[in-house]
Each structure stands twice: as structure tokens, then as C-alpha cells.
Amino acid sequence: MRRTTVAAASAFFAATLHAQTPVDDVPALRAVTVSTPRGAATPFDMPASVDLVDRQQLRESKLQVNLSESLGGVPGLQVQNRQNYAQDLQISIRGFGARSTFGLRGVRLYIDGIPATLPDGQGQSSNIDIGSADRVEVLRGPFSALYGNSSGGVIQVFTEDGEGAPRLGFSVAGGSFGSTRLGAKASGASGGIDYVLSASRFRTDGYREHSAATRDIANGKLGVQLDDDSRLTLVANSVRIDAQDPLGLTRAQLDADPRAAPLATQYDTRKTVDQTQVGLLYERRLNADQDLRLMLYGGDRRTTQFQSIPPSAQASPLSAGAVIDLQRRYAGFDARWTLRTALAGRPFELSTGLAYDTLREQRRGYENFRGSGAAQQLGVQGGLRRDERNEVGNVDPYVQTRWDFAERWTLEAGLRHSSVRFDSDDRYIRGANGDDSGAARYRQALPAAALRYAATRDLNLYVSAGRGFETPTLNELSYRPGNVGGLNFALQPAVNRSLELGAKARVADGLLTGAVFQTRTDDEIVTGTNIGGRATFQNAGRTRREGLELGWLHETRSHWRTQLAFTWLDARYSDGFCSPAPCAAGNAVAAGNRIPGIAKQSFFASFGYAPSEGWRAGAELRALSRIQANDANTASAAGYALLALQTGYLKRWGRWELEAFARVDNVADRRTVGSVIVNEGNARYYESAPGRNWTVGAAASYRF
């Protein structure tokens with residue numbers, strides 16, 4: 001660790017040793033629990049960095065479309081809105097996932113216990129219904145490895161439970177760039193049955209040219225209390241997306257017109273997504289000391305994407321075309337048994353289980369043009385250039401224990417053995433385009449352990465360590481350098497080792513958290529080439545990530561709320577390599593270069609007044625330092641600090657609840673880059689973000 005990191009951590013830990021809330025003073029913060037592989041746990045008592053964002057933070061005075069609206073206060077989490085609904089948010093945790101050109105990689109995502117990260121490590125956040133979400137939990141650090149492949153961090157989203165008499169609500173919100181959201185929700189509980197049904201439609205013309213999108217989401221949750229010891233929960237979710245893709249901009253294009261999308265307009269780049277999934281959760285208390293949890297799920301996702309690859313680049317007989325047509329069917333289960341007993345006369349808890357996930361993919365590629373010469377049409381589906389069937393599956397047994405072996409000491413340890421297989425059956429064999437069928441299997445034991453010391457009732461200190469790994473995703477395997485189809489089985493998984501030292505203190509009715517960490521990775525997966533929306537990947541050697549996270553959350557009984565979050569993250573390549581490979585003049589990446597897509601510093605501050613009824617108001621400040629756009633560190637996006645203001649009014653009148661709000665983001669009208677496309681081969685790195693923009697909304701609900 002660098003001396004600055006250690007010095008800052010030492011000062012923090014020394015300060016917290018003297019922080020203790022008086023015994024008679026009950027903290028104002030709400031009591032909450034978070035989910036772990038061994039069951040529910042209190043965040044304060046977990047020997048890991050974990051944050052919970054509740055429904056009020058998710059929805060209050062927000063459009064309720066993207067997680068980027070509400071997760072800014074989580075240290076170590078970088079979530080960027082691309083202003084591009086064809087490519088999803090850009091989410092990274094402690095630098096993992098930053099290379100992703102679309103969707104989520106390196107970070108595991110769960111929605112109501114169902115993996116939104118498929119067994120190859122690729123995830124999507126597009127089916128999250130914020131309007132019915134109860135909370136979002138974010139886990140960082142070594143214990144993330146216990147969730148298996150691609151667990152640089154874990155994000156879990158949970159739908160709220162139905163409560164009380166039937167309730168029906170409607171909401172509407174609108175804002176800049178023709179953005180509107182309409183939502184409806186019904187919920188309630190009676191006689192051991194509870195339910196939530198929610199639906200919403202979001203539409204926008206987009207901040208940039210050629211960035212219009214429509215998204216429809218339906219989400220449902222039904223709970224049945226079978227008896228005093230058993231509960232059954234059914235969840236179902238569906239999403240439909242039609243989105244134009246504005247692509248990235250060069251620096252010259254960004255400076256000339258940040259809202260333009262010249263190449264996207266020429267090729268009519270776009271994406272459509274249809275996804276439906278269901279899950280069933282059975283929970284049973286076998287006796288006072290044993291619990292059983294069984295989860296089954298299945299889903300179907302269909303994607304069609306038009307890219308901007310020129311017809312000339314598709315002339316090779318090995319080309320895979322420029323229109324991607326994917327159909328994915330996925331399913332799995334997770335079975336877990338938990339025992340609470342005593343070991344050497346001290347409380348001991350053991351959880352063990354088995355997770356199985358499978359993905360079957362039909363991948364076709366087509367040309368994005370028809371005809372030639374003056375009669376040539378771009379942005380239309382042409383001839384077939386790729387046809388293959390891919391399968392990915394994992395079988396992961398796991399065990400986790402907790403032992404309170406002394407009055408103030410707790411030891412937690414876990415082990416997961418992850419085995420991931422890839423199989424590809426090539427069905428497009430024509431002339432020089434031979435049979436690219438193949439298979440690969442990756443195995444890794446993933447241990448994690450932590451030691452916690454309760455220095456006082458209000459101060460916990462801990463140290464944790466673990467090993468994780470990240471296989472290539474199917475999308476990362478899908479192309480070989482040179483615009484060639486067939487899976488790139490030369491790509492190897494990345495293996496990392498993490499160490500974290502942290503503290504959590506309840507101070508003056510608030511919660512202060514801090515952690516220093518270091519992660520070293522072998523065979524880091526990096527972008528090899530990235531042209532026209534198509535990327536290839538390679539292994540780069542060793543990397544290191546080390547940093548510091550601080551968080552502060554304070555809520556008063558008079559309804560004032562303060563939240564602060566700071567992250568310092570130094571992520572660099574330990575070994576030099578060439579991008580793209582093989583080495584040639586001008587493509588060397590020096591050891592010590594910063595890993596692109598990662599801000600070295602980020603800061604969040606919010607202050608607001610939110611009573612249970614009446615007027616509300618608040619302000620947010622988000623700041624991010626410079627982000628490198630390529631491995632060579634020759635292009636970057638400047639840092640920024642953005643201010644947002646909001647106000648609203650909540651009124652309860654009999655059985656009615658009425659709410660209205662107004663919000664202004666980027667109050668100072670700063671010109672910023674919202675995210676970067678890492679290593680884009682034509683230097684179209686930049687995705688611009690809006691200047692000053694506004695949102696207004698209203699909601700009404702009636703309790704029968």
C-alpha cells in the first residue's frame with residue numbers, strides 16, 4: 001500500500017477508537033439487515049464493506065429509471081449513465097467492470113435472488129423496476145468471491161413485500177429531452193398472502209441525436225405463508241427495450257457538438273431487447289437451529305443489435321457480419337442449508353449449499369447492408385455470416401461459517417469451488433470459414449476469511465482476505481482479432497487476491513465506515529481491439545488496485561439527513577503489454593499506466609430535509625476525477641463536480657397519499673463526459689452527458 005493510503009487509514013482508525021455512543025442514547029438510524037450466502041446479517045456486524053440504499057433513497061424526487069440516480073452515495077461504486085439505453089449503465093466496483101463496453105462485467109447482479117449475471121459473467125441491469133424496489137445492497141471486497149465467477153463486487157436488488165390493505169398507486173414524471181415515465185402499482189397482504197404488481201413505461205428522445213428509447217417493464221412478487229415455518233415466494237419480470245445507439249465521439253466531434261451522432265445516423269445503429277423470467281423461492285425453518293432455502297429460476301432473452309461496421313470490413317469470408325441476433329435461454333437453482341449450534345461452548349453457524357446455472361445461446365450474425373454501389377442500403381439486415389450454438393454452465397458447491405469464539409471476537413470463513421464450462425457448436429461452415437467449434441472449462445477454488453473485533457458496542461474493526469476469479473464472457477470470447485468469428489478460447493480467466501482492513505463506528509446517531517484495500521490480479525482481461533461497436537479481448541498480465549473508502553450517514557429525529565462518500569482508487573498495470581497484440585510500433589502499454597475507465601477519486605455529498613409529511617428539499621454534489629480512456633493513457637475525460645437541487649411535497653389525506661416533486665441536475669450547466677468507451681479503435685471514446693436538465697413528477701395512491 002502507498003504511504004498516503006496507510007496514513008489516512010491509521011488516522012481514521014485512531015479517531016474511531018474513541019467514538020462511542022452513550023448507552024442510553026438509541027441511534028436514530030433504522031435497523032436493517034442485508035443478504036449474504038449464509039442468510040440475513042446486520043451491516044454493522046459484517047466484516048466487509050456493504051451499503052444499503054432503501055426505497056426512499058431510490059425513489060424520492062427521482063425519475064426512477066436508472067440506478068445511477070441513487071447509488072452515488074456508495075463508496076467504491078462507480079456508476080455512469082451513458083445516455084445510451086442500447087448499452088446499459090457503466091458500473092464498476094473498486095475498478096472491476098470498468099472495461100465493459102455494454103452491460104455489466106466483473107460485477108455480479110441479483111434481482112430478488114435471481115442472478116441477473118449469467119454463468120459466463122455477463123450481466124444486465126435493464127430489467128430492474130425501481131418503482132417497486134425495496135432496497136439495493138452493494139457488497140465490496142474479498143467476501144464478494146463467495147458469489148462465484150465475476151464477483152469483483154455484488155449488487156442485489158429486492159422487490160418490496162406487499163403489506164396491509166390493498167393499495168393502488170399511479171405515478172407520472174417528465175423531464176428534459178422528451179423524457180417521460182408512467183407507472184402503476186398494486187400491493188397488499190391478507191391471510192398469509194402478500195403481493196406486489198408493478199408496471200412502467202419510459203420513453204425519451206435522448207440528449208444526443210439518435211438516442212431515442214422506449215422501455216416497458218412489468219414486475220410481480222407473490223408471497224404465500226404456507227405455515228408457521230414455511231414460505232413460498234414467486235417472482236416474475238418482463239422487459240422490452242427499443243433503443244437507438246448514438247455510439248461514441250472523437251475529441252474533435254465532442255468539442256464541435258457533444259449532442260451529435262454522425263456515424264450512428266449513417267448506419268442506423270440500434271438495439272431491441274425482449275426478456276422474461278420467473279423465479280420460485282422456498283424457505284423453511286426445519287427447527288429452532290436449522291433452515292432450508294431452495295431457489296429455482298428460468299428466463300428467455302432475445303437481442304437484436306445493428307452495429308456500424310463498414311461493408312468493406314465485412315468482405316472477408318471470415319467476417320461475422322455486423323448485425324447480432326441473439327436468443328438466450330437460462331435457468332438454475334440454489335439450495336442452501338443453515339445450522340446454528342455451538343463450538344467449544346461458543347455460538348457457531350454453518351451454511352452450505354450448491355448453485356447450478358446454465359445458459360443456452362443461439363448466436364447469428366448478418367451483414368448490415370444490402371446491395372452495392374449507389375443502390376446500397378445501410379442499417380438493414382443482409383446476408384447470414386454466422387450461426388452457432390453456445391452453452392455455458394457452472395456448478396458451484398459452497399460453505400460459509402461464523403464462529404463467535406470469544407466475547408469480542410468473530411471469525412467468518414467461506415469456500416466456493418466454481419467450475420464453469422463453455423461449449424460452442426459452429427453451424428456456419430462455408431469455404432474459408434471453417435469449423436470453429438470448441439470447448440473450454442475453467443475451475444477455481446475461491447476462499448475468503450475475515451476476523452472481526454468489537455472494540456466497543458459502537459465500534460467494529462475487521463480484516464478480511466480472499467481469492468476471486470473472472471472468466472471471459474461469451475461476448476468477450478465471441479470474436480478473434482481481425483474481424484473473425486468463432487470463440488476465442490485462447491483467452492484465459494483472471495485470478496485476483498484481495499486484502500481489506502476496515503472499521504465501522506456509530507458516532508453521534510450516525511454511521512461512519514472506512515476501509516483500505518488492495519487487490520492484485522493475474523491475467524487481467526483487457527480490451528484488445530474495439531471498432532464500430534465490436535470488441536475483442538486479451539490477457540494483459542498483472543494489475544493492482546489499492547485504495548481507501550470512507551462513508552458517513554446521519555439521520556436525525558427531526559428528519560434531517562446527511563450522507564458523505566469518498567473513494568480513492570489507484571488502479572494500474574503492473575506489467576507492460578501491447579494493445580492490440582502482437583507488438584508493433586506505437587502500441588506498447590507501459591507498466592505503471594492507469595487502468596482506463598476508472599476515476600482515481602470520487603466524492604458524493606447530500607443534505608436534505610425529508611419529514612413524513614409536508615415540504616421536502618435537498619441538495620447533492622457529485623465529483624469525479626479524470627478518467628483515462630485507453631490503455632496507453634493518451635486520451636482521457638476531464639473530471640467534474642455537479643450540483644443537483646430538489647424539492648417536493650407529500651400529503652396524506654384519509655386513505656390517499658399525494659406527492660409531487662421538482663429536480664434540477666447539473667445546476668451550473670457544466671459540459672461533461674458521462675462515460676468513456678475503453679480503447680475504442682477509432683478514438684471514439686467519449687459519451688457526452690447533458691448540461692442543466694430538469695425533472696418533475698407526481699404520484700397518488702389509495703389504500704382500500
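Since the structure is predicted, the reported quantities are computational estimates derived from the model, not experimental observations.
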Residues in side-chain contact (heavy atoms from CB on, under 4.5 Å) contact with Arg452, at least two apart in sequence or another chain | Asp45, Pro47, Arg402, Thr410, Ala454, Asn460, Tyr462

Show me the side-chain donor-acceptor pairs of residues 70-80 shorter than 3.5 Å, one per line, residues at least two apart or across chains.
{"residue": "Gln78", "atom": "OE1", "partner": "Ala599", "partner atom": "N", "Å": "3.1"}
{"residue": "Gln78", "atom": "NE2", "partner": "Gly597", "partner atom": "O", "Å": "2.9"}
{"residue": "Gln80", "atom": "NE2", "partner": "Gly674", "partner atom": "O", "Å": "2.7"}

Spacing of Ile128 atom CD1 and Asn237 atom CG [to the nearest 0.5 Å] | 9.5 Å

Sequence neighbours excluded, every pair satisfying ring pair (Phe, Tyr, Trp, His ring centres under 6.0 Å) that has a member inside residues 49-81 | none

Does a side chain donor of either Arg105 or Gln122 reach within less than 3.5 Å of an acceptor in the other side chain?
-> yes

Set of side-chain hydrogen bond (donor to acceptor under 3.5 Å, both in side chains) partners for Ser418, sequence neighbours left out = Asp396

Go through the structure and list residues passing side-chain hydrogen bond (donor to acceptor under 3.5 Å, both in side chains) with Ser200, not counting sequence neighbours.
-> none

What residues, two or more places apart in sequence or in another chain, satisfy side-chain contact (heavy atoms from CB on, under 4.5 Å) together with Thr672?
-> Tyr640, Leu642, Arg670, Ala689

Could you pull out all residues at least two apart from Tyr85 that satisfy ring-ring contact (aromatic ring centres under 6.0 Å, His included)?
-> Phe202

Got a sec, which residues hit side-chain contact (heavy atoms from CB on, under 4.5 Å) with Asp665, two or more places apart in sequence or on another chain?
-> Ala644, Arg663, Asn693

With distance as the sole criterion, is a donor-acceptor pair present between the side chains of Ser636 and Arg626 under 3.5 Å?
-> yes

Find the distance between OG (Ser574) and CZ (Arg544) and round it off to the nearest 0.5 Å.
-> 6.0 Å

Can you name the residues that form a side-chain hydrogen bond (donor to acceptor under 3.5 Å, both in side chains) with Thr562, not counting sequence neighbours?
-> none

Phe566/Trp552 aromatic ring centres below 6.0 Å = no

side-chain contact (heavy atoms from CB on, under 4.5 Å) against Val495, all qualifying residues, sequence neighbours excluded | Gln444, Arg467, Phe469

Sequence neighbours left out, cut at 3.5 Å: what donor-acceptor pairs do the side chains of residues 92-100 make with other protein atoms?
{"residue": "Arg94", "atom": "NE", "partner": "Glu549", "partner atom": "OE2", "Å": "2.8"}
{"residue": "Arg94", "atom": "NH1", "partner": "Glu500", "partner atom": "OE1", "Å": "3.0"}
{"residue": "Arg94", "atom": "NH2", "partner": "Ser49", "partner atom": "OG", "Å": "3.2"}
{"residue": "Arg94", "atom": "NH2", "partner": "Glu500", "partner atom": "OE1", "Å": "3.4"}
{"residue": "Arg94", "atom": "NH2", "partner": "Glu549", "partner atom": "OE1", "Å": "3.1"}
{"residue": "Arg99", "atom": "NE", "partner": "Glu476", "partner atom": "OE2", "Å": "2.9"}
{"residue": "Arg99", "atom": "NH1", "partner": "Glu470", "partner atom": "OE2", "Å": "3.0"}
{"residue": "Arg99", "atom": "NH2", "partner": "Glu470", "partner atom": "OE2", "Å": "2.9"}
{"residue": "Arg99", "atom": "NH2", "partner": "Glu476", "partner atom": "OE1", "Å": "3.2"}
{"residue": "Arg99", "atom": "NH2", "partner": "Glu476", "partner atom": "OE2", "Å": "2.7"}
{"residue": "Ser100", "atom": "OG", "partner": "Phe102", "partner atom": "N", "Å": "3.4"}
{"residue": "Ser100", "atom": "OG", "partner": "Phe102", "partner atom": "O", "Å": "2.5"}
{"residue": "Ser100", "atom": "OG", "partner": "Gly103", "partner atom": "O", "Å": "2.9"}

Counterpart residues, ring-ring contact (aromatic ring centres under 6.0 Å, His included), relative to Tyr573 (two or more places apart) | Phe577

